[in-house]
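Note sheet for the following structure.
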Amino acid sequence: MVWPFSPRSRRSIARIEVNGVIAAAARKRILEALKEIEERRFPALLLRIDSPGGTVGDSQEIYTALKRLKDKLKIVASFGNISASGGVYIGMGADHIMANPGTITGSIGVILRGNNLERLLDRVGVSFKVIKSGPYKDILAFDRELTDPEKSILQELIDVSYGQFVKTVAEARRLSEDTVRSFADGRIFTGEQAVQLGVVDRLGSEEDARLWAAELAGLDPDKAECITFEEKKPLLRRLVPGNSQMVGAATGLAYPGLAVPALNATLEWLEFERSTSGLPLWLYRP
C-alpha cells in the first residue's frame, strides 16, 4: 500500500542558523543538522548566516558538506547583519545568495595572530628555557620575537590558505581568480556592493530568501513551512527556559551589574582567543 501523503519534511524547508564565530562547536552542530536534513530528504535548505567568520578548517568542512548536499536539494543562503570572511566561505556552498542592502560582508582574507610578551616577562623577571627538536618547533612562542625565516614560513602558510579562499569564491560565483583578488584584500563591503561585485545574487530579507528557496524546490511558498534545526540546549536551560538570570544563579555565574548573557559571550570569546592563538583564521575583526 502506498501512503497517500508525503512526509512533512518533503513539504518543508529546512533552516539552519550560523550565528557568531565559526569554530569546532558550530561545525559539529551544523554537520549533524546537515546529515539529518539529508536523511529526511528535505527539498530545500535556507542557510541564515550572521557571522564574522572563524577558523579555516571548520569553515572548509561546513562548505564541503554544503557543496555535496547541493546535488540533493536546493540551498539558498541569507546573509544577515554580518556575513564576512568565513561566513562568506560557507555561503559559497549555497546555490544562491541573498543579502540585505546594508549587510556587512566581504573581508575575504586570512589572518594569523600571536602574542609577544617578551618585554613584559623581562620586567617581572620571568624567562623560559626551551629544548626543541628543530629551529621552528616553537614558532609563534609568546616569549620572543619572530625571526625572519619564521615570518617567511608563516606568510607562505597564509598565502596558501588565501589562495584556497580565492579559488573557492571564484568557482562558486563563476568569476576569474584575478577578479576575485581585485576585491579580496580584506576590505568589507555592503550587500549592495556585493551584488555589483558578483559575490551575492540578489538583495532581500530572510523571508525573500525563504520564498526563493520554495520556488526553486517547487514548493507552494504560502504553505511551505521552515523547520529550524537549532542547537540542543543543556538540560538546565530546557528546565528553566528563557530565564538566563536563574540559570546564572544556579550555576554560580550571576554577577551584580553584569548580565549573564553578556558574561557568557565574553567568556566564549576569550576561550576562542585562547584556543585559536597561532591558527590561520578567516575572520573579520573590526
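Note that these values count all heavy atoms, side chains included, but never hydrogens, waters or copies made by symmetry.
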Practice item. Give the C-alpha distance, both sets of side-chain angles, the deciding distance and a yes or no for side chain to side chain contact (heavy atoms under 4.5 Å, CB included) between Ile22 and Ile90. Key: CA-CA 10 Å; Ile22 300 165; Ile90 64 174; 3.9 Å; yes
Exercise for review: Tell me, with the steps shown, if Ile13 and Val76 meet side chain to side chain contact (heavy atoms under 4.5 Å, CB included).
Suggested key: CA-CA 10 Å; Ile13 299 171; Val76 175; over 6 Å; no
Exercise for review: Start with the C-alpha gap between Glu150 and Thr147, add the side-chain angles, then the distance that decides, and say whether side-chain hydrogen bond (donor to acceptor under 3.5 Å, both in side chains) holds.
Suggested key: CA-CA 5 Å; Glu150 287 174 332; Thr147 66; 3.3 Å; yes
Practice item. Output, in order, the C-alpha distance, side-chain angles, deciding distance and verdict of side chain to side chain contact (heavy atoms under 4.5 Å, CB included) for Ile16 and Arg48. Key: CA-CA 6 Å; Ile16 295 177; Arg48 177 66 171 184; over 6 Å; no
Exercise for review: Report the C-alpha separation of Glu207 and Arg210 in whole Å, then their side-chain angles, then the decisive distance to 0.1 Å, and conclude whether the salt bridge (charged side-chain N to carboxylate O under 4.0 Å, His left out) test is met.
Suggested key: CA-CA 5 Å; Glu207 174 61 13; Arg210 185 195 70 81; 2.9 Å; yes
Point to revise | salt bridge (charged side-chain N to carboxylate O under 4.0 Å, His left out) assessment of Asp138 paired with Arg144 | key: CA-CA 10 Å; Asp138 65 339; Arg144 64 176 179 81; 2.9 Å; yes
Check your understanding: Taking it one step at a time, do Leu203 and Val195 satisfy side chain to side chain contact (heavy atoms under 4.5 Å, CB included)?
Key -> CA-CA 7 Å; Leu203 296 178; Val195 171; 3.6 Å; yes
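Under the 3.5 Å distance criterion, the side-chain polar atoms of Ser107 are left unmatched by any main-chain donor or acceptor of Arg187. Remark: side-chain polar atoms of Asp208 are paired, donor with acceptor, to backbone N or O of Ser205 under 3.5 angstrom. Between the Ser85 side chain and the Leu283 main chain, a donor and an acceptor come within less than 3.5 Å of each other. Judged by distance alone, the side chain of Asp58 and the main-chain N or O of Ala24 form a donor-acceptor pair under 3.5 Å. For Ser83 (side chain) and Ile49 (main-chain N/O), no donor-acceptor pair under 3.5 Å exists by modelled atom type. Arg10 places a side-chain N or O within donor-acceptor distance of the main-chain N or O of Arg41, the cut-off being under 3.5 Å. Ser51 contributes a side-chain N or O that, together with a main-chain N or O of Gly53, makes up a donor-acceptor pair within less than 3.5 Å. Between the side chain of Asp201 and the backbone N or O of His96, no donor-acceptor pair lies under 3.5 Å.
Distance check, rounded to the nearest 0.5 Å: CD1 of Ile30 to CD1 of Ile62 gives 3.5 Å. Note that CG of Leu140 and CD1 of Ile153 are 10.5 Å apart. Values are rounded to the nearest 0.5 Å. Of the inter-residue distances, the one linking Leu216 atom CG with Lys74 atom NZ reads 6.5 Å to the nearest 0.5 angstrom. Separation of atoms NZ (Lys129) and CG (Asp143) is listed at 10.5 Å; rounding is to 0.5 Å. Separating the CD1 atom in Ile131 from the NZ atom in Lys137 is a distance of 14.5 Å, to the nearest 0.5 Å. Remark: Ile139 CD1 to Lys151 NZ distance equals 11.5 Å, nearest 0.5 Å.
Looking at every heavy atom in both residues, Ser59 comes nearest to Gly54 through OG-C, 4.4 Å. Scanning both residues, Ala65 and Leu34, for their nearest heavy atoms gives CB-CD1, 3.7 Å. The two atoms that bring Pro149 and Tyr136 nearest to each other are CB-OH, 3.6 Å, heavy atoms only. In terms of heavy atoms, Thr105 sits closest to Ala194 at CG2-CB, 3.8 Å. Scanning all heavy atoms of the two residues, the minimum distance from Val166 to Ala184 falls at CG2-CB, 4.4 Å. The heavy-atom pair separating Ser12 from Leu219 by the smallest distance is O-CD1, 3.9 Å.
Linking Ile, Leu, Val, Met, Phe, Trp and Tyr whenever their side-chain heavy atoms come within less than 4.5 Å puts Val18 and Trp282 in one cluster. Transitive grouping of hydrophobic side chains (ILVMFWY, heavy atoms separated by less than 4.5 Å) brings Ile108 and Phe79 into a common cluster. Side-chain heavy atoms closer than 4.5 Å link hydrophobic residues (I, L, V, M, F, W, Y) into clusters, and following such links, possibly through other members, connects Val88 to Leu197. Placement of Ile227 and Leu47 within a single hydrophobic cluster is found when ILVMFWY residues are connected by side-chain heavy-atom separations under 4.5 Å, directly or transitively. A continuous path of ILVMFWY side-chain contacts below 4.5 Å connects Val110 to Phe183, so both sit in one hydrophobic cluster.
Proximity of Glu17 to Glu206: side-chain heavy atoms (C-beta onward) are nowhere separated by under 4.5 Å. Residues Arg285 and Ile111 have side chains in contact (heavy-atom distance under 4.5 Å, counting atoms from C-beta outward). Taking the side chain as every heavy atom from C-beta outward, Thr190 and Asn100 never approach each other to under 4.5 Å. A heavy-atom distance below 4.5 Å is found between the side chains of Glu38 and Arg68. Contact of the Leu73 side chain with the Ile37 side chain is registered, since non-hydrogen atoms from C-beta on lie closer than 4.5 Å. By the 4.5 Å heavy-atom criterion applied to side chains, Ile97 and Arg173 are counted as neighbours. At least one side-chain heavy atom of Ser78 sits less than 4.5 Å from a side-chain heavy atom of Leu46. Side-chain contact between Leu279 and Val56 is absent, with no heavy-atom pair separated by less than 4.5 Å.
The side-chain contact (heavy atoms from CB on, under 4.5 Å) check on Val126 picks up Leu121, Val124, Phe128, with sequence neighbours excluded. For Arg202, the salt bridge (charged side-chain N to carboxylate O under 4.0 Å, His left out) test picks out no residue, with sequence neighbours left out.
Side-chain contact annotation: Thr179 with Ser176, donor-acceptor N/O pair under 3.5 Å present. Side-chain atoms of Gln164 and Ser161 include no donor-acceptor pair closer than 3.5 Å.
With respect to Arg8 and Glu225, a salt bridge is recorded, a charged nitrogen being found less than 4.0 Å from a carboxylate O.
Other residues, nucleotides and ligands contribute more than 12 heavy atoms inside 6.0 Å of the NZ atom of Lys70. Annotation for Lys132: atom NZ counts as buried by contact number, over 12 foreign heavy atoms lying within 6.0 Å. Heavy-atom neighbours of Glu192 CD from other residues, nucleotides or ligands within 6.0 Å: at or below the threshold of 12.
Here ring-ring contact (aromatic ring centres under 6.0 Å, His included) pairs that include residues 25-66, with residues two or more places apart or in two chains, are Phe42-Phe229, Tyr63-Tyr89.
Of the candidates Met92, Lys67, Gln60, Met92 is the only one forming a side-chain contact (heavy atoms from CB on, under 4.5 Å) with Thr168.
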